[in-house]
Each structure stands twice: as structure tokens, then as C-alpha cells.
Amino acid sequence: MSKGITSQEENYSQWYTDIVKKAGLADHSAVRGCMVIKPTGYAIWENMQKQLDKMFKETGHVNAYFPLFVPKSLFEAEEKNAEGFAKECAVVTHYRLKGDPNEKGKLMVDPEAKLEEELIVRPTSEAIIWNTYRDWIKSHRDLPLLINQWANVVRWEMRTRLFMRTAEFLWQEGHTAHSNEKEAIEETERMQDIYATFAEEYMAMPVIKGKKTESERFAGATETYTIEALMQDGKALQAGTSHFLGQNFAKAFDVKFTDTNNKESYVWSTSWGVSTRLMGGLIMTHSDDNGLVLPPKLAPTQVVIVPIPKANGEINEVVDKIVDQLKAKNITAVYDNDKKSRPGFKFAENELKGIPVRIGVGKRDLENNQVEVARRDNLTKEMVNIDGIAEYIDQLLEDIQTNLFEKAKKFRDDRITKVDSMEEFESVLESKGGFLFAHWDGTADTEQKIKELTKATIRCIPMNMEIEEGKCVLTGKPSKQRVLFAKAY
RNA sequence: CGGGGUGUAGCGCAGUCCGGUUAGCGCACCUGGUUUGGGACCAGGGGGUCGCAGGUUCGAAUCCUGCCACCCCGACCA
């Protein structure tokens, strides 16, 4: 076990905070509920951004940027959206400070500098974007409009947690407009697919695709599609959402287009987003008591090379060659030849930081023309011939990526339990947690009662799982299919 | 917003109950030496508005009053 990291078993929540802080990903800041994302953490986020951005562009989306502030009158235009976010909005009321006449060196809000209209710091950008789209969309030729923005948003949460829930967070939000309902629904599903692919292939985090129930739906959406992941403590994480907004925002902001028959109608729309919360999901899917574990595809440094016991001319020469060969294969490798710490310290440190592969190079190894290769995912080591080392590492990184996904998938699959009574529901929830696959009568009332009874909520009505009729686990009323319940973050 | 906790060196903490020399310890840092295949050791050294503001007192990290911040657990939420 690593020094100073609380074990998962002892206190999962504290373990998580320890990992985030000690691996140097982020820290609490001087601002309540807001974090400082440190270079290592930001590098992982950048790798996520890079890949997602590529996937968005490959499907025809372009990036733009809209203002941080939303005038209150625009914010309130779409009633449900406004109501849903009202409780957690930061509001700008003044635009100037002045010296406090009663206390030297202190500032106060200048009461004379009150804004005519309050500005809401965006908790999401539908309002400001749809107000803009009204001017951009006139004809069917302007559609579809496929725009994404990378931005920060603010939601004044009661209780925050590094990456999982912070008052300010970074995300991307896609906002698209379409001429017809079918196309908008296809877009919503396409983006859910992209999120699922990204989660599984890059984060090595298995997810279940599904739709939200009405009560869990995004404020202002007609339908919310979600990807749900399972964390190591048995709690679910909503990792990304894609919303079919119907004509709700088009009507609220009066966004109409003229079709080929010269008929005017409201556009159909979608919005979709993932946030820095994915960082939390990444950590809680793979990491262990030794520290962070990163999938190779997102690791800022994929390979670290440690001289044993310390750097010398001969070792440097060999390492330089290895680094060059790895670079030629687009593998990021760092030579940890810092003289002040010894190999054992570096091993532990690099494990804490989650670097997927470590290569140890010592005099003894060089005599045999080999190096020691250690995997972060399963902590095994083996001796590998230096000739062909780059090919070996290249393959190994792929194996690690696959192994992480398979391991997480097995963990997740083992924790999807079919339950048919409330007794079973509660006992499984208590003993192993995870997803409970149970029948539900389709009413918000029952959903609410189960939540009050067990703290578990319906994470989604899954899309790719078996359909089977049955009886509601609580009321015994008929049910068309099982849904996934879980305690969630 | 309710409950619990914490605030003393960069980090982790002791000291506070019961006020009293110069506020201490471990890690980290600096210097020198010995070490070096899984978190080295020895010696020496630097670093503090004790969260903030008042008050009590000859004397406050310690007692009293007020405030602030952050963390954890709940309710709310991505």
C-alpha cells in the first residue's frame, strides 16, 4: 500500500480524495466548491478533449463559443429549463467595486453600479445559444446546425467533490438544430453512441446506454439519453447525457425556418454534454490502493524509464535509444533520471501517478541485453530483450488498455443483479450494491417511493438489454421491461 | 440548509481539557558524508502573523465572545 493513501476498504470516499490530491490531479482552492486542476490532471482532460473533439468533428460538428453570462430574461424563457436550474445559479448584480470609506484598503460593491438586468452565470447554455440561433436559422438550407462549445459552467451545488461535483466545471456542450424530429432523434442517439464509444474504448470504462425516466430528465428535454457507469464502490455514475429537446427551445426562443414548401415551422433540437466529471469516473473505475491507474490511451505519460540504481553513461545511451524508438511509435516516454531519489522511491511515485508501463534499466540487465518491464494495471514484471522493445511496449500498451476494460466490465457485469422483490432489492443493494435490474410499473410515484425506501434511483431504462414483461417490484403492477436501479453519485 | 469535524512551517500532526521560559515532532527542503536492483542512513541547518477580529489576564496556540474558511455525513444535483 502506498504511503498516505487511505485504502479503498477503509474509506472509499477518502481514498478517492487521496488519489486526486496525491497523484497531483487537482486540489481544493480558495473558492468554495471550486478546484484547481493541476497540470497532470489537466493533461488527462486535454487527452479526453482531443479525442472527443475529433469524434465530434468527424460527425460534422464545428466548435463555437458563446458568452459566460445569460441575461435573466433570456434565462427564464424556457420555463422548465429555468425552473430546473434556478436553485443553483450564481448571479451577477453589479459591475463595479469601490474603496470602502469605513475601512482602508478594503473594497465594497458600489451600490450605484447595479446592473439594469441581472446576469446569470451559465449553468448550461441553451438559453443564450437559442437566442442566437433565432438569427442564424431562417431556411431549411441553414439546417442542420451542428455546433459544439468547450466551456466552463457554474452550478452552485450544496456539496461538492473534486471532479465529481464542483461548483464550476469544464465541459463540452453540443447544441444542434434540425428540420425534422427524426433527424434530431438520430442526432441524440448518435451522440450517445459517441459518448459510449469514447467511454469504453478510451477510458476503458464500460457503460450502459439507456433513457432517463421523466423525473431524471434534463430540465427542458423531451427525452434524455444517458450512459451509466459503475464505480468500484458499487455506486453508479451518470457519465454523459444526450438530450432530445423536441421543439421546446425553438418555441421558447421563436426559432423558425421556412421549408421547401415555403411553410414556416419550428426547428427540432438536441443538446449533449460530458464534463470533467469523467475524470472522476476514470479514477473510480481503475485506480487502486497504490494510486492512480490510467488507461494507456489517455495517459499523458505512457512509459517511464527508471535507471537502476542510477543514471550513468552506458544506461543513458541505451535509454536514449529506447526513447527514440518509442517516440517513433507515438508512445510518450519519460526518462526519470532525477538523481535525488532512488529506484524504490521512483517505482512507488510512478505507480501513484498511474503511468501504465515502467521500464527499469540497470547494469545487470544490460549485460543480458534486456530490461525490466513492469505493468501498472496488474503490477507484474518481466524481463524483455532490448531488441524489439518498442514493438513489445506498443503491444503491451494495447494489452493493458484491453485488460483494464475487461476487468472493469467483469466487475460491472458481476454487479448487475436481477431482483424480483423489495426484500431482494434491499438485501442485494446492501450486500454488493451495483445495478439492480428490476421491474417497475412506469410511474413517477413508485420511482419516488423506491428512492425514499432505498436511496436507489432509476439510472436508466436500458436500450440494449433483454425485454421481458413482469410485475413491478414495489407495487406488483404490470411492467413492460426491467429497468436499472442503483445508488448514484 | 441540518448534523459532525478541522484550522499550529510546503505536507501530516502533537500541544488546547488544567494559561507560564525560546511553540514541538515526522516527512519535505538546504549543506556535508556514507549508501544505492522496491519508498536509505548519519550529522548539521533554514523555515511559524498558532484561521481572523475583539475580550479576560502580569502573561493566551491554550480561557470567553463573534466571525470566516475548508472537509466529512445527509437533503439537492452532472
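Worth saying up front: this structure is predicted, and the values here are computed from it rather than measured. Chain letters run A, B, ... following the sequence lines, proteins first and then strands; every chain starts at 1.
Here B:U22 sits opposite no nucleotide as a Watson-Crick or G-U wobble pair (both hydrogen-bonding atom distances under 3.5 Å). The nucleotide B:C29 finds its pairing partner in B:G45, both defining distances of the Watson-Crick or G-U wobble pair being shorter than 3.5 Å. Using Watson-Crick or G-U wobble geometry with both donor-acceptor distances under 3.5 Å, B:A60 finds no partner in any strand shown.
Within 4.0 Å of A:S13, counting heavy atoms only, lie sugar-phosphate atoms of the nucleic acid but no base atom. Counting any heavy atom pair closer than 4.0 Å across all strands shown, A:F218 reaches no nucleic acid atom.
The aromatic ring centroids of A:F425 and A:F485 lie less than 6.0 Å from each other. The distance between the ring centers of A:F66 and A:W130 does not fall below 6.0 angstrom.
For a distance-only test at 3.5 Å, the side chain of A:E372 fails to qualify as a donor-acceptor partner of the base of B:G37.
Taking every side-chain heavy atom of A:R342 into account, B:A40 is the closest of B:A40, B:G38, B:C29. Out of B:A75, B:C76, B:U36, the shortest distance to the side chain of A:K455 is found at B:A75.
Although no hydrogens or angles enter the test, the distance criterion places no donor-acceptor pair under 3.5 Å between the side chain of A:T166 and the main chain of A:L162.
Rounded to whole Å, the distance from NE2 on A:H28 to C1' on B:U6 is 13 Å.
To the nearest whole angstrom, the two P atoms, one in B:G47 and one in B:G4, are 41 Å apart.
For A:R415 and A:F411, the positive end sits near the middle of the six-membered ring, less than 6.0 Å away and at most 45° from its axis.
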